[in-house]
Amino acid sequence: YPLRRQRQMCIRDSTRVVAAYKDENNQLTTIITESKSGRQAWKGKNFIDATGDGDLGALAGCGWDYGYKDTGKTQPMTYMSLITVDKPEKISDFISFYKGDGEHRKKWSAFLQELHSAGIDPSYGNPTLFQVKDNLIALMINHQYGVDPFDADQMTTATVNGRAEVNKVVRALRKLGGKWEGVKLVASCEQIGVREGRRLHGHYTVTDSDLIMGVRHKDAIARVTFGIDIHAATKDENDKDTIKNANSEGLRAKPYDIPIRALIAKDVDGLLMAGRCISGDFIAHASYRVTGNAVAMGQAAGVLGALSAKNNELPHEIAWEKINSALEELYAGVATACKTYNVDLVGGDTTSSKTGLMISVTAIGIANEEEIAYRSGAQPNDLLVVSGDLGAAYMGLQVLEREKEVFKVNPNSQPDLEPYSYIVERQLKPEARKDIPELLKQLYNDTGGSLHYFDADAVSYTHLRAHETGRN
């Protein structure tokens with residue numbers, strides 16, 4: 001939200017796209033949205049369809065496919081919920097991957113039998129429990145079959161039916177008592193989960209052949225390792241064969257690449273796709289549609305859209321080297337930092353910006369409470385230790401800003417940063433001094449003094465002084 005406050009980004013919730021307009025050159029130039037603010041028009045050089053159902057692409061006139069090519073059947077929707085239990089260990093026989101045990105199919109079967117004993121025949125044949133944290137459990141038990149995601153009435157009915165089934169299941173489990181005593185439904189999703197929508201036509205179509213051959217692309221933006229996951233299209237099929245995978249489809253899937261071309265609309269210029277609406281067939285879609293792949297697609301589409309707008313070129317005209325360079329530099333930097341500080345990268349998200357790149361990091365770790373030093377614990381006469389050179393990073397920024405102004409006047413000029421390499425590196429590549437805290441910890445081991453460590457950070461010093469004086 002810092003970018004939003006600076007009016008560099010507009011975030012609009014509760015808004016739907018309802019129309020799209022192209023110019024005489026078949027380039028998408030304007031979209032129309034409706035919300036509580038009324039009907040509004042939005043102009044842009046590029047647009048990214050991340051609606052899941054390919055709504056924008058369809059409105060813009062882009063060709064699309066939906067469902068299985070031979071039968072038109074689609075995968076069911078699922079209504080997810082969260083429950084709490086008193087003792088998770090008591091139902092560990094039903095929780096998939098409980099404490100990393102790797103068990104999944106056995107847990108399905110056991111939980112299904114438990115539901116039958118409670119008089120419940122769930123709409124999903126592989127009812128699943130996932131432990132989110134402590135006694136908070138995700139419940140995946142519902143399937144809604146044959147629902148048209150483009151029909152509001154059908155979507156409403158499916159959502160209501162999903163909620164009803166979830167409530168019925170929780171009440172039945174609670175009635176069993178014993179290990180289920182105290183089970184509560186604590187949250188249910190705002191909208192039902194949709195597996196299938198439009199697959200917009202792109203400059204490349206990911207197919208089942210890509211999975212079989214484990215295809216690699218020079219313009220790859222993601223390598224997919226998730227298997228083929230096809231949920232039965234009807235309740236009758238669900239009772240016989242709930243989920244079809246690579247083996248049941250007669251396929252042997254290998255890790256494969258998604259090229260950037262699958263994210264560029266073929267029939268409309270200035271339109272990109274991200275998520276499950278990219279260009280692919282039914283089988284491939286059953287593999288690439290999951291969240292992890294969608295994150296990589298979103299980042300790649302964002303980078304390509306930004307480069308396209310900046311260079312006044314259409315997305316399909318941008319050389320892959322430009323896109324890849326921007327992505328690889330970011331990935332390499334993150335990977336290096338993770339390796340240097342021995343941390344694991346467990347997630348991430350991207351969004352657009354009109355002016356540049358901003359990275360926000362959340363770090364989670366475990367430490368002994370008695371070894372944690374808080375700023376609020378600072379006391380008069382504590383020793384404040386600063387490593388590095390105060391002001392070095394700031395001086396590096398001044399050099400870079402100066403060279404930027406020179407470049408604006410003369411784009412052909414090449415900056416000579418060699419004489420300033422140290423201070424520029426302090427700005428572009430700041431490094432936490434892991435050795436200093438350990439050294440000071442040894443020195444202070446027997447003193448009982450409070451230790452606060454900052455790496456030449458004047459802002460941190462200001463915060464510390466505020467705590468010392470009681471001013472915030």
Side-chain angles (χ1 to χ4, degrees), residues 48-58 62 64-69 71-80 124 126 128 130 138 140 142-150 155 158 189 191-202 204-212 214-215 217 220-233 238 242-246 248-249 251 253-265 272-301 347-350:
I48 301 174
D49 190 332
T51 62
D53 291 328
D55 293 336
L56 176 56
C62 188
W64 50 274
D65 300 309
Y66 174 63
Y68 194 67
K69 62 180 180 179
T71 64
K73 291 182 177 180
T74 61
Q75 297 190 61
M77 300 180 184
T78 291
Y79 192 82
M80 293 289 295
Y124 176 38
N126 292 337
T128 308
F130 297 104
M140 184 168 71
N142 168 263
H143 269 182
Q144 295 294 312
Y145 303 97
V147 181
D148 184 349
F150 319 127
M155 288 291 289
C189 54
Q191 60 188 32
I192 196 166
V194 181
R195 288 187 174 83
E196 291 207 51
R198 302 179 185 91
R199 304 189 302 274
L200 302 176
H201 294 172
Y204 182 91
T205 301
V206 184
T207 68
D208 55 2
S209 296
D210 291 69
L211 282 66
I212 296 170
V215 170
H217 296 281
I221 55 91
R223 179 156 298 168
V224 180
T225 59
F226 191 78
I228 299 173
D229 184 47
I230 304 175
H231 292 241
N238 168 84
T242 302
I243 294 181
K244 294 182 179 180
N245 53 32
S248 59
E249 285 295 305
L251 304 175
K254 301 177 182 177
Y256 62 96
D257 289 350
I258 295 178
I260 191 71
R261 288 163 288 157
L263 278 60
I264 305 174
L272 296 152
M273 302 94 77
R276 54 186 171 85
C277 65
I278 70 165
S279 182
D281 69 7
F282 177 83
I283 299 296
H285 172 271
S287 169
Y288 65 65
R289 62 174 167 79
V290 296
T291 304
N293 301 323
V295 171
M297 296 178 204
Q299 181 171 1
D349 195 8
T350 58

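Small disclaimer: the values here were computed from a predicted structure and weren't measured.
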I'd like to know if R198 and D53 make a salt bridge, using a cut-off of under 4.0 Å between side-chain N and carboxylate O. no
Indicate, with yes or no, if the rings of Y204 and H217 have centres closer together than 6.0 Å. yes
Do I212 and K254 come close enough that some side-chain heavy atom pair is under 4.5 Å? no
Do side-chain atoms of N142 reach the backbone of Y79 as a donor and acceptor pair under 3.5 angstrom? yes
Would you please classify the geometry between the H143 ring and the Y124 ring as parallel, tilted or perpendicular, with 30° and 60° separating the classes? tilted
Can you see which heavy atom on A274 is nearest to which on A301, and at what distance? CB-CB, 4.3 Å
Hey, does V206 have a side-chain heavy atom less than 4.5 Å from the side chain of H285? no
Roughly how far apart are K73 NZ and I230 CD1, rounded to 0.5 Å? 12.5 Å
Please check this pair: side chain of T225 against backbone of P255, looking for a donor-acceptor N/O pair closer than 3.5 Å. no
Do the non-hydrogen side-chain atoms of E196 and F282 ever get within less than 4.5 Å of each other? yes
Checking V147 against M155 for the side-chain contact (heavy atoms from CB on, under 4.5 Å) test, could you report, in this order, the C-alpha distance in whole Å, the side-chain angles of both residues, the deciding distance, and whether it holds? CA-CA 7 Å; V147 181; M155 288 291 289; 4.2 Å; yes
Any side-chain to backbone donor/acceptor pair from S279 onto H201? Under 3.5 Å, distance only. no
Tell me whether R195 contacts the main-chain N or O of T74 through its side chain, where contact means a donor paired with an acceptor under 3.5 Å. no
Check whether R199 reaches the backbone of W64 with its side chain - one donor and one acceptor, N or O, closer than 3.5 Å. no
Looking only at heavy atoms, the pair that brings G52 and C277 closest together is O-CB, 3.6 Å
Nearest heavy-atom neighbours spanning A232 and P76: O-CD, 3.1 Å
Decide yes or no on side-chain contact (heavy atoms from CB on, under 4.5 Å) for L211 and I228, but give the supporting numbers first. CA-CA 9 Å; L211 282 66; I228 299 173; 3.5 Å; yes
Once rounded to the nearest 0.5 Å, what's the spacing between atom CD of Q75 and atom OH of Y145? 11.0 Å
Could you check if a side-chain atom of M297 sits within less than 4.5 angstrom of a side-chain atom of L263, using non-hydrogen atoms only? yes
Please work out whether the ring planes of Y66 and F150 are parallel, tilted or perpendicular, with thresholds of 30° and 60°. tilted
Taking all non-hydrogen atoms of both residues, which atom of V290 and which atom of S287 are closest, and how far apart? CG2-O, 4.0 Å
Check the pair L200, I278 against side-chain contact (heavy atoms from CB on, under 4.5 Å), reporting the backbone distance first and the verdict last. CA-CA 6 Å; L200 302 176; I278 70 165; over 6 Å; no
Evaluate the side-chain proximity of D208 to D281: yes if any heavy-atom separation is below 4.5 Å, no if none is. yes
Taking all non-hydrogen atoms of both residues, which atom of I260 and which atom of A300 are closest, and how far apart? CD1-CB, 3.9 Å
Are the side chain of D49 and the backbone of G57 linked by a donor-acceptor contact shorter than 3.5 Å? yes
Using atom types as modelled and distance alone, determine if a side-chain donor or acceptor of T78 lies under 3.5 Å from a backbone N or O of G193. no
Could you tell me whether the side chains of H231 and N238 share a donor-acceptor contact shorter than 3.5 Å? no
I'd like to check T207 versus I283 (side-chain heavy atoms, cut-off strictly below 4.5 Å). Are they in contact? no
I'd like to check M77 versus P149 (side-chain heavy atoms, cut-off strictly below 4.5 Å). Are they in contact? yes
